[in-house]
Amino acid sequence: MTFINYAAREINCKIVYYGPGLCGKTTNIQFIYDKTGTGAKGKLISLATESERTLFFDFLPIELGTIRGFRTRFHLYTVPGQVFYDASRKLILKGVDGVVFVADSQEARMDANIESIRNLKENLREHGVSIEKVPYVLQLNKRDLPTAMPAAELETALRIKNEPVFEAVASRGTGVFETLKAVVKSVLMDLKTR
Amino acid sequence: MAVSDLVLHEADHKRFASLLDRLRKDANAKVAFLIDKNGQQLAVAGQVDGLDPTSLAALSAGNVAATDGLAKLLGEREFSTLFSTERTADVAEP
C-alpha cells in the first residue's frame, strides 16, 4: 500500500526481503546501508537475537530521488527466516509494495527455499495480495559457495512468474544494488499503472 | 494489487496536525505522532528535534502489531493501550 503524501510531497513504499533462515536478507540490507550516502538513508534498525539472527525485523529507510516533484522514500524490511517466526513474517508483510525473495543457492537449502516461497504466497494471500500481481524479484544468493546449484536449475525450481532474477554474493555486495534497483523499478511501474 | 493506496492531501494533513496538536497539549506531551499500522507517519505535532520520526513510526507499528498478535493468541480482541515508561521518556500507543 503506497503512501502518497501531498503535504510533504513524498511517495513512501514498503519493500520486504523474504527468504529462508540464513539466506542473506540482513546481509543485503546491511550492504545497502554501508554503501548509501548519509543524506539518503535513515538509521538501520535491527531487532535481532544475541547471536545476530533476525528476531522481528530489520528496517532501513532510503531516499531514491524525486519523481514529478515528489521525493521517493523506500522502507526496506527483512523478515525473520526461521520457520517458527511465521506470525512475525505475516505482520511485516502488511502494506507491502514489493518483495525480494532471497534464495540460498546451496542444494541443502533447496527445500527451505521452496517452503519459504510457499509461506510467502500464503501470507500475502492473507493480506489480500496475490503473488502474481505484487512487484517481485528473485535473488539467487551465495553464488560463490562450492555447494551452490547451477543458476538455471534454481530458476526452474523457484521462479514463480516472469520476475527478474539476479545472481548475488551479498556478503561482497555482488548483485545487491541490481536487485534493489529492479524491485524499485517494478514498484514504480506498478504505481504508474494505478 | 488488491490493497488500495493511501493518499494524504494538504487539507487532510492540516486537519490531522491541528487535532494532533490539541491532543498533545491535552496530554501534556512533548510530541505526538499519527502513524498508520504499516509504519508510515501521517502527521506530527510538537518538538521532534533529536528524534528520528521514521524509525519511531516503524518500531511503533511493529510494537502495536506484535501486541495485537499477542492479544489474539491469548483470546482477547485487542490490548487497547501500550504504555512504555523510561527515565527520560514515556511512550503511549493507544
Side-chain angles (χ1 to χ4, degrees), chain A residues 1-14 16 41-47 55-63 73-77 79 85-99 124-136 187 190-191 193-194, chain B residues 1-21 32-45 48-76 78-79 82 84 91 93:
Chain A
M1 188 187 77
T2 307
F3 171 38
I4 303 167
N5 187 338
Y6 279 85
R9 308 287 292 172
E10 278 178 6
I11 296 171
N12 292 270
C13 302
K14 180 175 184 175
V16 175
K41 69 183 175 188
K43 280 183 191 146
L44 172 62
I45 306 272
S46 278
L47 304 182
L55 176 64
F56 195 2
F57 58 78
D58 304 304
F59 170 70
L60 174 64
I62 54 170
E63 278 191 33
R73 305 181 80 208
F74 286 83
H75 293 188
L76 311 183
Y77 286 81
V79 297
Y85 287 134
D86 192 43
S88 304
R89 274 193 294 279
K90 207 176 293 175
L91 297 175
I92 294 155
L93 277 178
K94 191 174 168 61
V96 69
D97 293 302
V99 177
L124 281 174
R125 199 181 310 124
E126 288 194 25
H127 286 299
V129 177
S130 158
I131 189 101
E132 299 298 333
K133 290 185 180 163
V134 75
Y136 179 76
V187 167
D190 182 58
L191 188 61
T193 60
R194 279 182 270 150
Chain B
M1 281 176 65
V3 184
S4 59
D5 296 331
L6 173 64
V7 179
L8 181 63
H9 292 283
E10 185 78 43
D12 297 324
H13 182 262
K14 276 187 182 158
R15 194 152 165 261
F16 281 154
S18 159
L19 288 167
L20 203 58
D21 197 46
F33 293 101
L34 180 62
I35 294 164
D36 83 347
K37 285 194 170 181
N38 302 323
Q40 304 281 9
Q41 181 199 292
L42 304 182
V44 60
V48 289
D49 303 349
L51 295 176
D52 178 353
T54 309
S55 299
L56 281 171
L59 287 172
S60 297
N63 217 5
V64 169
T67 307
D68 275 355
L70 277 174
K72 283 196 181 78
L73 287 174
L74 295 173
E76 299 288 338
E78 63 176 7
F79 292 142
L82 238 168
S84 315
V91 179
E93 293 167 350

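Since we're looking at a predicted model, the values are computed, not measured. Lettering follows sequence order; numbering is per chain, from 1.
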On a heavy-atom basis, which atom in B:Ala58 and which in A:Tyr77 lie closest, and how many Å separate them? CB-OH, 3.4 Å
Measure the spacing between CG of A:Asn5 and CG of B:Leu42 and express it to the nearest 0.5 Å. 8.0 Å
Per-residue contact mode, A:Phe3 against chain B (heavy atom under 4.5 angstrom): both
Against chain B, label A:Ile92 side chain, backbone, both or neither, depending on which of its atoms sit under 4.5 Å from a heavy atom there. neither
I'd like to know which of B:Asp36, B:Leu73, B:Asp12, B:Val7 tops the heavy-atom pair count under 4.5 Å against chain A. B:Val7
Please report the C-alpha distance between A:Ile45 and B:Leu59 in whole Å, then the side-chain angles of each, then the deciding distance to 0.1 Å, and finally whether the side chain to side chain contact (heavy atoms under 4.5 Å, CB included) criterion is met. CA-CA 9 Å; A:Ile45 306 272; B:Leu59 287 172; 3.7 Å; yes
Side chain to side chain contact (heavy atoms under 4.5 Å, CB included) for B:Leu8 and A:Tyr6? Distances and angles first, verdict last. CA-CA 6 Å; B:Leu8 181 63; A:Tyr6 279 85; over 6 Å; no
Using a 6.0 Å cut-off, check whether atom CZ of B:Arg15 has over 12 heavy atoms from anything other than its own residue. no
Check: A:Thr2 main-chain N/O paired with B:Asp5 side-chain donor or acceptor under 3.5 Å: yes
Quick one: pull up NZ in B:Lys37 and CE in A:Met1 and give me the separation to the nearest 0.5 Å. 12.0 Å
Nearest 0.5 Å please: distance from the NZ atom of A:Lys43 over to the CG atom of B:Asp52. 4.5 Å
Which bit of A:Leu60 comes within less than 4.5 Å of chain B, counting heavy atoms only: side chain, backbone, both or neither? neither
Spacing of CG belonging to A:Leu47 relative to CG belonging to B:Asn63, to within rounding of 0.5 Å: 9.5 Å
Supply the atom-to-atom distance B:Thr54 OG1 to A:Arg73 CZ, rounded to the nearest 0.5 angstrom. 4.0 Å
Side chains of A:His75 and B:Gln40: does their closest heavy-atom pair fall under 4.5 Å? yes
